[in-house]
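First the structure, in the form of structure tokens, and then the observations on it.
What you see is a predicted model, and the numbers here were worked out from it, not measured in a lab.
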Amino acid sequence: MAFVKNLFDKNFIEYASYVIRDRAIPDLEDGLKPVQRRIMHTLFEVDDGYFQKVSFVVGRTMKYHPHGDASIYGALVNLANKEIFIEKQGNFGNKFTGDGASAGRYIECRVHPLAKEFLVTNPNITHYVPNYDGRSTEPEVYRAKIPLALIMGAEGIAVGMSTKILPYNIKEVLEAEIKCLQGKKFKIYPDVSTGGLIDVSNYNDGNGKIVTRARFDTSDEKKIVITELPVDSTAKELLDSIDSAYKAGKIKISSVDNFTTDHCCIEIKLPRGVYTKDVVDALYAYTDCEKSISCQMLVIKDNMPVAMTATEIIKYYADKLTLIIKDELEYERSQLTEKLHIRTLERIFIEERIYKKIEAQKTQEAVIKAVYDGFKPFKAELIRPITDDDIEHLLQIPIRRISLYDINKNRAEVLAINNRLKEIARLLKDLVGCAVTYLEGMIGKFKGMDVKRHTEIAEFNAVDVKAVAKSDRSLRYDDKGYLGIGVSGGVEVMKVSPYDRILYMRKNGIFAVTDVPDKLFIDKGMWFCQIAEKEIINKVLFTVIFRDPKTKYAFIKRCRIPSWIMNRDYFIAPDGMEVLHVDTREKFTFTLKYEKKPRVKILEEQFKADDYEEKGLKTQGVRLCTREVESIKVDNEQLSLFN
């Protein structure tokens, strides 16, 4: 058993780690999940400027992603609809209506030109690892220059944790990163292309919640037009919620027409006598026109799940951008230095006619030695010491190129290289300035694209469904002992709404709190029934008169009901006692009738309820007398306690 337990624990931990890091949670470095990263790697591989069939891209991606084509196809469509990485052609679905994409064989895609700008694919800068079968290599993570984790957004559920990152406006994110690099304060909030309104009062920089609403056009008092969708909603979901609310009788509408295409347009017509002001709050309360979304920015950082804020992610990317620019400049400098070295070797080799010295040599070793010896007088002009690879390069120069060698062209190229090296040296001294310039250039490239804010930041309180609900249903109690809104006949106890809770008390003194019942057996002779709101129940002073079945002594207890647990029975009198009377009046009188005994003339006694103090619900009560009580008579008896 110990072996099985250890094996289970080991396998479960490995599985949980795999789901967290390789399936559900995006990596902070590039904002991508593994399947998305592999799709982008494939698109970069097959990129020739033309559109490719999505089915072809999915098939090529399978050699990197061992989880089937369906997951790849779904991820590719979602990624394309972000409109950041992938250019699409064909029907990729509709984010407004919720319609799905066409089959992969009917739609095409290609890598977006801007994706090449902010994803570093150079294998000398981005680390590549073998794929799952070792036949190819793929990026471990891309080094992204902009905060894609925020721009894209993400949602995923792993073992014991989940992430929910709402997308941000790309222009606002880059402007915030510029401010961060310049040491200025910044604030950013989510933005989705479907518009709507959001209240970010409790957003907590990405780890709280937002309240989002649809935008209404109520210029016509007999018609409501939904022009923008709430965050994370489609027209289909909105229509379903409106239909459900209408069927449940929670909203009054005449008809709903959906004209949504590339923007939201849902027309809600109202019946006679109902106006927009009467329906707007109900739409917010009972449909998805208003909803609350909880957010958590959980990402993989340094191979571990970490909860971060939007501000922390911006700062992380600001620091990372300067490092990426530094690595790119240093790599370019090394390449240019190597190129300058090669051009210098070629110039000396041709201008000083070193190639002539190899004509008389008989062996390969002698040829190489002659070249080495020929460069000795020019050692000071070389960028670095000459190597065998350098000599191999020189020996492969064709005679035609030597005879047509242009010294002026070589000098111009060398001058350009040196100028660029000087510029790189200057840029390396001001990496923050380089990063700001890069980001400003990226913002300039978005001209002509739809990068304006779509979602409006607003302040509003979530509509309380209880406040909107109307108390228009009759709670009835019949002579058979049934209580509920589905009871026919009997007496109407009160008007209730579907969201009320009811406190009722049986004739045996047991009380409970429940949701408004459709039809619930209470028993005959119910003492009390009221809407269970503390501010209402706390005002009620209960007077309970009960008798001990063994001694037949009578007791009185005056108390209030301060709290309760739903659907749980409570005794207002001690368990086992016989309840004689329950009253809610502050003052009343009652008469106890005693059992007849020899030589006892006084057979009844009158009491005032207000002579006894109010005590706690759990008290045992105060004994009224030391004689056996036969019955009770209450003066001006409260015939009905139903309020």
Side-chain angles (χ1 to χ4, degrees), residues 44 47-49 113-126 128 143 145 321-359 361 364 367-442 444-445:
F44 283 126
D47 180 39
D48 58 3
L114 288 177
K116 302 173 186 177
E117 296 277 350
F118 49 73
L119 287 180
V120 181
T121 59
N122 187 338
N124 295 287
I125 298 175
T126 295
Y128 281 69
R143 297 188 69 183
K145 296 180 180 178
L321 178 57
T322 58
L323 294 176
I324 293 175
I325 290 175
K326 179 184 177 183
D327 290 346
E328 287 185 330
L329 289 173
E330 288 181 344
Y331 176 72
E332 184 184 359
R333 182 171 63 181
S334 67
Q335 294 296 101
L336 289 174
T337 302
E338 184 65 19
K339 187 176 181 181
L340 182 61
H341 175 69
I342 295 297
R343 293 296 175 264
T344 304
L345 287 178
E346 291 176 349
R347 178 182 60 79
I348 296 173
F349 185 70
I350 296 172
E351 280 188 353
E352 304 301 331
R353 297 182 179 274
I354 295 176
Y355 64 89
K356 289 287 186 180
K357 296 180 180 181
I358 67 176
E359 293 177 354
Q361 307 305 319
Q364 180 70 15
V367 169
I368 294 173
K369 184 177 183 304
V371 176
Y372 268 118
D373 292 341
F375 273 96
K376 285 181 180 179
F378 310 101
K379 187 176 181 181
E381 298 182 39
L382 299 179
I383 306 298
R384 60 169 173 78
I386 193 170
T387 64
D388 290 347
D389 290 337
D390 294 335
I391 292 176
E392 184 66 26
H393 169 75
L394 294 172
L395 294 177
Q396 290 179 359
I397 298 175
I399 295 296
R400 181 181 182 85
R401 185 180 164 195
I402 292 174
S403 62
L404 297 176
Y405 183 72
D406 187 341
I407 185 63
N408 292 325
K409 182 180 177 182
N410 181 275
R411 287 175 179 172
E413 190 174 355
V414 168
L415 179 63
I417 292 173
N418 282 322
N419 289 337
R420 178 57 183 166
L421 287 172
K422 290 177 183 178
E423 185 181 1
I424 289 173
R426 178 181 61 80
L427 293 174
L428 284 169
K429 293 178 182 179
D430 185 20
L431 291 173
V432 171
C434 289
V436 171
T437 302
Y438 168 80
L439 293 171
E440 290 174 343
M442 287 294 295
K445 291 180 180 180

Checklist entry - With sequence neighbours excluded, what pairs up with Arg333 under the side chain to side chain contact (heavy atoms under 4.5 Å, CB included) test? => result Glu330, Thr337, Leu421, Ile424, Leu428
Contact summary for [X] and [Y], nearest pair of heavy atoms:
X: Asp390; Y: Pro385; result: OD2-O, 4.0 Å
X: Leu394; Y: Phe349; result: O-CE2, 3.8 Å
X: Ile325; Y: Ala435; result: CD1-CA, 3.5 Å
X: Asn410; Y: Arg343; result: ND2-O, 3.6 Å

Item to check | salt bridge (Lys or Arg N to Asp or Glu O under 4.0 Å) against Lys326, all qualifying residues, sequence neighbours excluded | outcome: none
Next on the checklist: So, using salt bridge (Lys or Arg N to Asp or Glu O under 4.0 Å) as the criterion, who are the partners of Glu332 when residues are at least two apart?
Outcome noted: Arg420
Item to check | Short N-O contact, Glu328 and Lys145, less than 4.0 angstrom | outcome: yes
Spacing of [X] atom [atom1] and [Y] atom [atom2] [to the nearest 0.5 Å]:
X: Leu336; Y: Asn419; atom1: CG; atom2: CG; answer: 11.0 Å
X: Arg143; Y: Ile125; atom1: CZ; atom2: CD1; answer: 7.0 Å
X: Glu392; Y: Ile368; atom1: CD; atom2: CD1; answer: 7.5 Å

Just list the side-chain donor-acceptor pairs under 3.5 Å for residues 372-383, sequence neighbours left out, or say none.
unit_1 : atom_1 : unit_2 : atom_2 : d
Tyr372 : OH     : Asp388 : N      : 3.4
Tyr372 : OH     : Asp388 : OD1    : 2.7
Asp373 : OD1    : Lys376 : NZ     : 3.3
Asp373 : OD2    : Lys369 : NZ     : 2.9
Glu381 : OE1    : Arg347 : NH2    : 2.8

Next on the checklist: Evaluate Thr387 against His341 for side-chain contact (heavy atoms from CB on, under 4.5 Å), listing each step before the verdict.
Outcome noted: CA-CA 11 Å; Thr387 64; His341 175 69; over 6 Å; no
When the side chains of residues 114-123 are checked against the rest of the protein, which donor-acceptor pairs come out under 3.5 Å, sequence neighbours left out?
unit_1 : atom_1 : unit_2 : atom_2 : d
Lys116 : NZ     : Asp47  : OD2    : 2.7
Glu117 : OE1    : Lys445 : NZ     : 3.0
Glu117 : OE2    : Lys445 : NZ     : 2.7
Asn122 : OD1    : Asn124 : N      : 2.9
Asn122 : OD1    : Asn124 : ND2    : 3.0

Item to check | side-chain contact (heavy atoms from CB on, under 4.5 Å) assessment of Leu431 paired with Leu329 | outcome: CA-CA 10 Å; Leu431 291 173; Leu329 289 173; 4.3 Å; yes
Checklist entry - Sequence neighbours excluded, which residues qualify as ring pair (Phe, Tyr, Trp, His ring centres under 6.0 Å) partners of Tyr128? => result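 Tyr128 satisfies ring pair (Phe, Tyr, Trp, His ring centres under 6.0 Å) with His41 once adjacent residues are dropped.
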